[in-house]
Amino acid sequence: MDWLEQELKSALARKEPPPEFAEGVAKALDGVLPDAASGPRRNLVAWPSRTARRWLAAAAAILLMVGGGAGYRWHQGVEAKRQVMLAFHIAGGRLNHLRTHLKEVSQ
Amino acid sequence: MKLARALTLAAAASAVLFAQQFKFNLDHLAAKASDTVDVSLSGPLLQLGARFLDSHDPDEAKVKKMIAGIEGIYVRHFEFKQEGAWTAGDLEGVRSQLKAPDWQRIVGWKSAEDGETAEVYLRLEGSKMTGVAILAAQPKAFTVVNIAGPVDLDALSQLGGHFGVPKVKPDTPKQKK
């Protein structure tokens, strides 16, 4: 074994850190690393509880039903209005046609 | 439960039949027609339609005013590509229901030359008008209207030339194709 091998062996040999090393590292990291409760991966808004989620789902379903019902009612109203106007247009048109004929005859 | 459902359906059906004051029986013409209009509006649907009419629009405002007192409006209008699609029997089928004492014909017009017929009937209860029937037939068109309830015929006639279309004028020989 030559001197180079010996140097390498001594450089790579496991050495125990000094007793104050762990404390020093902890002190250095203190204030840099967040604690577990406010970790960076935690959501800004807390995820609602299971009960709250159920209420939210129920509210969304009711909102959807009410909205759908109102939409259908609106569609029905527009269609009814279209039919009313069409019916009066036809009835008025026939009546107007008849009146024009009668005016011609009377003249 | 089934009985209640059946009674509800029967009540709904009778309400529709009750509002319409005579039967049209013209379904067979629909197969021959190139254009068909079938309007049956009564009760809540009619009132719903009325709520959607714009009071600021002159035509819609007039219709809204007329709807206020009526129970229903029923229209069957057929247009045909060729003449002879409807028969005198179709006309008579409707006309035969419009008899006194319920119905009174207030005006009738017939042109043998043009093959046109138009009649207007009023349904009267005492001195109160409770319905109008319009029967109009042209060689290529057939129309039956029933308005259940009182209606101002002058105002209705004025609507004939509105809705963005010119007032209907009788065909002259030059206009015929």
Side-chain angles (χ1 to χ4, degrees), chain A residues 38-107, chain B residues 37-41 44-54 57 59-60 62-64 66-67 73-77 107-111 114 116-120 132 134-136 138 141 143-147 151 153-165 167-171:
Chain A
S38 59
R41 298 185 68 180
R42 191 171 169 81
N43 291 330
L44 291 175
V45 178
W47 188 244
S49 68
R50 198 171 188 179
T51 315
R53 282 204 302 271
R54 282 180 183 164
W55 279 109
L56 279 173
I62 289 169
L63 215 66
L64 209 67
M65 282 193 289
V66 169
Y72 177 67
R73 196 80 177 144
W74 183 84
H75 169 75
Q76 247 188 342
V78 169
E79 181 57 21
K81 173 191 156 177
R82 193 190 67 78
Q83 289 201 11
V84 164
M85 295 302 281
L86 179 64
F88 274 92
H89 166 54
I90 290 172
R94 298 298 99 188
L95 214 56
N96 183 257
H97 187 79
L98 175 61
R99 286 182 83 165
T100 311
H101 276 303
L102 293 174
K103 264 186 196 169
E104 280 189 348
V105 170
S106 66
Q107 281 167 3
Chain B
V37 174
D38 183 349
V39 176
S40 292
L41 284 172
L45 208 54
L46 183 66
Q47 297 314 319
L48 180 67
R51 280 208 293 275
F52 276 74
L53 292 170
D54 183 3
D57 181 287
D59 293 331
E60 293 188 19
K62 280 179 191 169
V63 172
K64 195 170 191 172
M66 277 192 275
I67 282 180
I73 182 160
Y74 311 90
V75 175
R76 295 284 185 286
H77 174 73
V107 64
W109 182 80
K110 186 173 181 177
S111 167
D114 297 330
E116 286 190 38
T117 300
E119 294 167 11
V120 178
V132 176
I134 300 168
L135 191 53
Q138 294 171 303
T143 309
V144 183
V145 176
N146 177 207
I147 299 174
V151 65
L153 292 179
D154 280 335
L156 181 60
S157 174
Q158 282 168 18
L159 286 172
H162 285 212
F163 305 99
V165 293
K167 284 196 174 185
V168 178
K169 287 184 179 172
D171 290 342

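Note on naming: letters A, B, ... go to the chains in the order of the sequence lines (proteins, then strands), and numbering restarts at 1 for each one.
- Note on Leu48(B), Leu46(B), Val144(B): by heavy-atom pairs under 4.5 Å with chain A, the leading option is Leu48(B).
- Residue contact with chain A, scored on non-hydrogen atoms closer than 4.5 Å, is absent for Leu135(B).
- Rounding to the nearest 0.5 Å places CZ of Phe88(A) at 4.0 Å from CD1 of Ile73(B).
- Between Leu53(B) atom CG and Met85(A) atom CE the span is 6.0 Å, to the nearest 0.5 Å.
- Residues Glu116(B) and His101(A) are in side-chain contact: their nearest non-hydrogen atoms beyond the backbone lie under 4.5 Å apart.
- Annotation: the span from Ser157(B) atom OG to His97(A) atom NE2 amounts to 12.0 Å, rounded to 0.5 Å.
- With rounding to the nearest 0.5 angstrom, the NE2 atom of His89(A) is 12.0 Å from the CG atom of Leu156(B).
- Only the side chain of Val37(B) comes within less than 4.5 Å of a heavy atom in chain A; its backbone stays farther off.
- Nearest heavy-atom pair, Ile134(B) versus Ala91(A), reported as atom, atom and distance to 0.1 Å: CD1-O, 3.9 Å.
- Of the inter-residue distances, the one linking Gln158(B) atom CD with Leu95(A) atom CG reads 10.5 Å to the nearest 0.5 angstrom.
- Minimum interatomic distance between Gly49(B) and Ala80(A) (heavy atoms only, all atoms of both residues): CA-CB, 3.6 Å.
- Of the two parts of Asn146(B), neither the backbone nor the side chain holds a non-hydrogen atom closer than 4.5 Å to a non-hydrogen atom of chain A.
- With a 6.0 Å radius and a threshold of 12 heavy atoms from other residues, nucleotides or ligands, Arg73(A) has its CZ atom at or below the threshold.
- From Arg94(A), atom CZ reaches atom NE2 of His77(B) across 6.0 Å, with rounding to the nearest 0.5 Å.
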